[in-house]
Protein chains: 2
Amino acid sequence: MPRVPKQQASTGCSVERALNLIDGKWKIVILYKLLRGTLRFNELRRLIPGVTQRMLTHQLRELEADGLIVRMVYAQVPPRVEYSLSARGRSLEPVLMALKHWGDTNLSSLEAKAA
Amino acid sequence: MPRVPKQQASTGCSVERALNLIDGKWKIVILYKLLRGTLRFNELRRLIPGVTQRMLTHQLRELEADGLIVRMVYAQVPPRVEYSLSARGRSLEPVLMALKHWGDTNLSSLEAKAA
DNA sequence: GCCCCTAGTGTCAAAAAGGATACCGTTATG
DNA sequence: CATAACGGTATCCTTTTTGACACTAGGGGC
């Protein structure tokens, strides 16, 4: 993603601007996983096979910067960091669910075709 | 996007797989614009300021390859090429509308904050 | 003492995405 | 004859994204 020269992301319509916040393959998946509740870093990692530690960290930081998730650090050893959706992030639920529904419906038939 | 080593995109859940089809900043916007009906190449170009000819072509080809849009070429001079949603593409409407709704709702308040 | 755990960070390099620009054929228009 | 319109391609180059890998702190277990 171009991620837009920061600041002004208002190239066009609201759809376009919305995409600037949730682009990247992992972000939507992360948000989706968090719909069910708070998760720790390594829990997310296990839930999303294929994401590397660095990528996960990056995406989480961006999501946090965009105010979609909340990061809670507990001063413990070993460290404990919990991620959860912010109100803003939770407001994405309809989008995420629509996407999941579409995936469930349209990708199974695709795979059936491909198989 | 990584666009996955082609072929097997089934890393994880359906959400993740769905994203492989609609990644890229422009694709969702293109699909969204096409919701309202058939559009010609240059019409799309005008509707999506910021997209270059090359990018638009690329994205349209991928959308076509994924069966989300239909490309109709009319043997005329000057050339006439029309793009429209396939049934599969149209099935994304709930997702697109949810995204637009979210953008309208959550980005206006964001910008108000930023302003 | 040594290794493991968590939740990272840093660096390097590869891969991918994206942008700029030039060019194509054909017909109409000036 | 030159130019413009349409819907692209081809090429080059830069920026972004991504991955691999090593490394960190501080306590607990063996």
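Residue numbers begin at 1 in each chain, while the letters A, B, ... track the order of the sequences.
In this entry the distance linking CG of A/L44 with C1' of C/dA7 reads 12 Å, nearest Å. One interatomic measurement links the two molecules: CE of B/M55 to P of D/dG7, which rounds to 19 Å at whole-angstrom precision. For B/E62 and D/dG8, the CD to P distance is 15 Å, given to the nearest whole Å. Regarding A/R45, its CZ atom lies at a distance of 12 Å from the P atom of D/dA20, rounded to whole Å. Straight-line distance from the NE2 atom of A/H58 to the P atom of D/dA20: 14 Å, rounded to whole Å. We find that CG of A/N20 is positioned 17 Å from P of C/dA17, with the value rounded to whole Å. For A/L39 and C/dT6, the CG to P distance is 14 Å, given to the nearest whole Å. Nucleotide C/dA16 holds its C1' atom 11 Å from the CG atom of B/D23, rounded to whole Å.
Distances were taken from every side-chain heavy atom of B/Q59 (C-beta onward) to each of C/dT6, D/dG8, C/dG18; the shortest belongs to C/dG18. Nearest to the side-chain atoms of B/W26 among the listed nucleotides C/dG8, D/dG26, C/dG19 stands C/dG19. Proximity note for B/T52 (side chain, C-beta onward) versus C/dT6, D/dG7, C/dG19: the nearest is C/dG19. For A/V77, the listed nucleotide lying nearest its side chain is D/dG26; candidates were D/dG26, D/dC6, C/dG8. Closest to the side chain of A/N42, out of D/dG26, C/dA7, D/dG8, is C/dA7. The side chain of A/V81 has C/dA7 as its nearest neighbour among C/dA7, D/dG19, D/dT9.
Taking CG from A/L44 and NZ from A/K33, the interatomic distance works out to 9.5 Å, rounded to the nearest 0.5 Å.
For D/dA5, neither phosphate oxygen OP1 nor OP2 lies less than 4.0 angstrom from any side-chain nitrogen or oxygen of B/R80. Within the 4.0 Å cut-off from OP1 or OP2 of C/dT9, at least one side-chain nitrogen or oxygen of A/R61 is found.
Where A/P79 and B/L60 each meet DNA chain D at their nearest nucleotide, the meeting point lying more 5' is that of B/L60.
Applying the side-chain contact (heavy atoms from CB on, under 4.5 Å) test between A/V15 and each of B/L31, B/I28, B/D104 identifies B/I28 as the sole match. When B/L21, B/I69, B/L63, B/L68 are each tested for a side-chain contact (heavy atoms from CB on, under 4.5 Å) with B/K27, only one passes: B/L63.
Counting non-hydrogen atoms under 4.0 angstrom, A/Y83 reaches the backbone sugars and phosphates but no base.
For B/S91 against A/W102, the heavy-atom pair with the smallest separation is OG-NE1, 2.7 Å.
Using a 4.5 Å heavy-atom threshold, the side chains of A/W26 and A/L56 count as separate.
On a pure distance criterion of 3.5 Å, a polar donor-acceptor pair joins the side chain of B/R54 and the base of C/dG18.
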